[in-house]
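Below is one structure, written out as structure tokens; comments come after it.
Model, not experiment: these values are computed from the prediction.
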Amino acid sequence: MPVNELLINYSKKTGAQLKEMNKYCIFENGGLSKLIEQVDLIKRSKDGKIELIIPRDKPLIIQNPDHEIITNIDITCKIEGKITENNDIDFSKYSMEVNLWSNNPDFCYRKELDSDHIGEKVNLGVESGENFKRILLRFHFDMRDEKTKIAEPLFHFHIGGENVDNNCYMWMPKELSEPRIPYPPMDPLMLIDLVLRNFCFRSSQPIIDRPTWTDQIGKCHDLFQKNYDHYSLHKSLFSA
Amino acid sequence: MRFWFIDDEEEEYEKIQSILRVDETDDRNLIEHNYPLDLIDFSQNKNIEINIKQPDGIFVDYQLFNPNSERKCSNINGISIATYLRSNHSDIPIFLYSYQNLEKLAPIEEELANTIFDEILYKDVIANSEHDLSKKLEQICKGYFEINNNLSCVSKLERDDQKHKLYDLLSAPEESYDDIDTLLIWISKSPLENWTSFKIASMIRKQLMGKPGILYDSLHAATFLGISEEAFYDICSFFKDAKYSGVFSGEGDFWWKCKLMEITDSILEGDELRIPYSHGFHTAWKREKGNELDLAKCIVKGETPAEYVCHVLKKPVKIKYTLKYPVSTFVSPAMDEARISFRAIMENEGNLKLLDQDSIEIFEQFIKELRNNASK
């Protein structure tokens, strides 16, 4: 299979935007470099495969977003798929995660809700100067899990999710249900755009308002969301 | 001030006298006229030392081919003579003095000239300019004097001492130290080691003051805040603590970007703290002070507030109507990127060959949409 023209363009132009972004100190040092390498590989993919992975143990980190409470944001993703003859993406894996962290003691420990254990950790952090931090909010953008017992649209968004390790102390009580809301698939550039527009608009506006950036977001939209409008995703819920 | 004027024409000497001195009794500036061959005779490898009575500044003409009193002609141009002077006397400002219309430098020559001269002065522009050239040159010479006195031994000093001496010279706020360091690293791999007065003066005048990012002039400061330049001047006393007062500050009005941000933050509330300063400042100002400010108006579609300054037209513009304009291969991350507005491209201003293919496609799309809208 010859290298797909759409993928070549996606690789070149998304790569160029990420490289531009990398010049600014929005993401923690060198954070985008791995992703840039993966995006670059796509233009040489002879079988039309796409693999974009930002692992949980090495997330993209935004330090000091434009928000008083949130101290850092991390982004992870796992996207695997292949371009079809119709020039859309057939996903085999799709999962993206955004974690909003805070080290503000007033928000890290809520006396009425949290365990004493968390209170102790917060106090220890204040005393030692090594601030205890916890996840205030987590967004998931997922593909339906085949094993799930919950009705999920094929591609959806939900907040919360399980603790992936014992140190993140999610703010959201486990008892709350986490509705799956239909949401079309994105690529990492679209997710970065979404996060920056909502949490770092002040510092990132000179980059994300550029016509080259917004134009590429439009092209990513065409490639990744071609077959997944809101209606078809909502309909997929009934066949889940 | 004592200036040397290296030119091959007596007439030009008289002209510069009239520009730099009000009349014959004005002794603010003494100008000595030197024919190039009287100074340096490359053909005989006989270089006259100029440190006996060192001037405060040197003017060098670009074309030096007219014969001197002994009917000898020099075969060198001003750039060669200045290169020699610069390598031997880095503690004196040197100005290229030339005709823009007759001897306009090629881009590559201009780039070279910028690495040798402190300022390129075009005779025909100066003659018609309302700006006080004498004052400007005095400020440059004074700046050199301060650098020579404070940073003359940079190579012998510890790196941190050098940096702090530079911060002091700039009267730099602490919040700007990181950006200044970034700029120094981008300019030189070994910040301030073996830096000459000329290198330091160039860094301050051509980078810090010459390119927006760490310091802003009134246009960039106003646009950064989303207001018109006139509105900014009306309220600039509010930003008095942000005003640049360091070396060479007499050359023009500049403000520290980090201080503009800090002062603005003091009146911002809630969501205003999460949006760009250009969008939040005017609403905060109205709430706090009660009056509306005239907003920066985009030169492409008249929208407000504009957030950026077109590098070519030097006018406010919305970022969405700009394209990357790589005028220089050297761009420190601490500096604002040079961007060209769609308006400048439509008016065929600037060097459009610098635009990349993606940018050209986006501009063509914009024109297409403009035409479609016009035909509706």
Which portion of [X] sits near chain A, non-hydrogen atoms under 4.5 angstrom:
| X | result |
| --- | --- |
| B:I319 | both |
| B:Q365 | neither |
| B:E272 | backbone |
| B:K324 | side chain |

What distance separates [X] [atom1] from [Y] [atom2], expressed to the nearest 0.5 Å?
| X | Y | atom1 | atom2 | value |
| --- | --- | --- | --- | --- |
| A:Q216 | B:D358 | CD | CG | 8.0 Å |
| B:I362 | A:D215 | CD1 | CG | 4.0 Å |
| B:R274 | A:R202 | CZ | CZ | 10.5 Å |
| A:E20 | B:E337 | CD | CD | 5.5 Å |

Would you say [X] has more than 12 foreign heavy atoms packed within less than 6.0 Å of its [atom1]?
| X | atom1 | value |
| --- | --- | --- |
| A:K49 | NZ | no |
| B:K286 | NZ | no |
| A:K226 | NZ | yes |
| B:E292 | CD | no |
| B:R371 | CZ | no |
| A:K13 | NZ | yes |
| A:K12 | NZ | no |

In short, B:K320 meets A:P211 closest at the heavy-atom pair O-CG, 3.5 Å
On a heavy-atom basis, the closest approach of B:P333 and A:K23 is CB-O, 3.9 Å
How about B:T322 and A:R210: do any of their side-chain heavy atoms sit closer than 4.5 Å?
-> no
Measure distances from A:T212 to the heavy atoms of chain B and classify the residue's part below 4.5 Å as side chain, backbone, both or neither.
-> both
